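Before any comments, here is the structure.
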Amino acid sequence: MEYLLLLISTSLVNNIVLVKFLGLCPLMGVSGKLSSAWGMSLATAFVLTLSAFLSWMIEHLLLQPLKIEFLRILSFILIIAAVVQFTEISMRKLSPALHQSLGIFLPLITTNCAVLGVALLNITENHNLPQSLMFGLGSALGFLIVMMLFAGMRERLAGANVPALFEGTPISLISAGSLSLIFMGFSGMF
Amino acid sequence: MLMATLVLTLMGLALGILLAAAAHFFAVGEGNPLAREIEDKLPGSQCGQCGFPGCGPAADAIATGDASVTCCPPGGRALAEELAKMLNIDPSSLGETPEALTAVINEELCTGCTRCNKACPTDAIVGATKQLHVVYAEACTGCKQCVDTCPEDCISLVTPQIDLTRWHWHKPEAA
């Protein structure tokens, strides 16, 4: 029950993108088409969950016993970059079809602040290992929900009759803002 | 301080070795291996006479069956038969291959401007500035790139003399 609550809370109430404002670049950059948003979300979900797990391990098995917590950001970035590279290399061999659809998005995830943000939040909020896994999975789910919603909105906006003043980026930002407003409303649920 | 440096170095080293091992074990050749094999056989002058942007895309198309093995005029009959053997196509079903051509420079008109020399993808044109240029026929693939660059219009394409790689049986005369 506790884990289910954590999953819902991280994916909807404390949504990584619209409430914590992490990972905004893919939200604006890769949401033009529903299919590419789907690919980006899946690739991010994979890396997010895996790196949340690995960074927890590094923090508790390496950094804390040796009292070198100040290396946290540096080593987490190292881990994330390695995980992304490893994912890409192995995916290219093991599942060429998946690599075809996700391929170009994978390297982009290295610089996605949501991935590093989740890893760091796991430490500051003192999660244990299953909790941090759930936190990573929930954030990935939240990222996926928001990306799909926003990409669907933008696909419709592309065909809508938008006033000339608001065309392009302004209307995208406004719709992202109103989507964020809606997600803020989830916090009243619990 | 020492510990931190050591840990970070070891972490970087371990991850680097892991990635190198992954790259080694999960190595994937670029593209279709058959297409790369075909590309090795093609002349490699990227002349574009087959209708593709270069020999690489042409090799891809031949490998997938989108292009005929006879699509390469510089390669001529010899190349077509070689490719047909590689792809298990009956050489007698190939039909006519496009005729191979060789560039010839009209010595009376050539001013030695070296433009054709620079345009030639196979370095088949020999000659220095203000010296007469000569086409080295064995290297020429008949790609016509020099014809387009010559300001004097002094390059023409001719059918070269039949040699062993170009010779093939003539069709039987109709009775």
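Proteins come first, then strands; the chains are lettered A, B, ... in the order of their sequence lines, and each starts at number 1. Being a predicted model, the structure only gives us computed values, none of them experimental. Basis for what follows: all heavy atoms, side chains included, without hydrogens, waters or symmetry-related copies.
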Quiz item: When rounded to the nearest 0.5 angstrom, what is the spacing between CG in A:L71 and CE in B:M3?
Solution: 11.5 Å
Self-check item: chain B contact via A:I89 - which portion, at a heavy-atom distance below 4.5 Å
Solution: both
Exercise. Please check if A:F53 and B:M11 belong to a single hydrophobic cluster, counting links between Ile, Leu, Val, Met, Phe, Trp and Tyr side chain heavy atoms closer than 4.5 Å.
Key: yes
Exercise. Tell me, for A:L78 versus chain B, whether the close heavy atoms (under 4.5 Å) come from the side chain, the backbone, both or neither.
Key: both
Exercise. Please round to the nearest 0.5 Å and tell me the distance separating atom CG of B:L18 and atom CD of A:Q85.
Key: 11.5 Å
Practice problem: Check B:L15 against A:A82 and note the closest heavy-atom contact, atom names and distance. | Solution: CD2-CB, 3.7 Å
Quiz item: Between B:F52 and B:I38, is there a shared hydrophobic cluster once you connect ILVMFWY residues whose side-chain heavy atoms come closer than 4.5 Å?
Solution: no
Practice problem: Flag yes if A:V19 and A:F150 sit in one hydrophobic cluster, no otherwise; membership is Ile, Leu, Val, Met, Phe, Trp, Tyr, and two members link when side-chain heavy atoms are under 4.5 Å apart. | Solution: yes
Practice problem: Step through the shown structure and confirm whether more than 12 heavy atoms of other residues, nucleotides or ligands are within 6.0 Å of CD1 on A:I73. | Solution: no
Quiz item: Do B:Y136 and B:I155 belong together in a cluster built from hydrophobic side chains that touch within less than 4.5 Å?
Solution: no
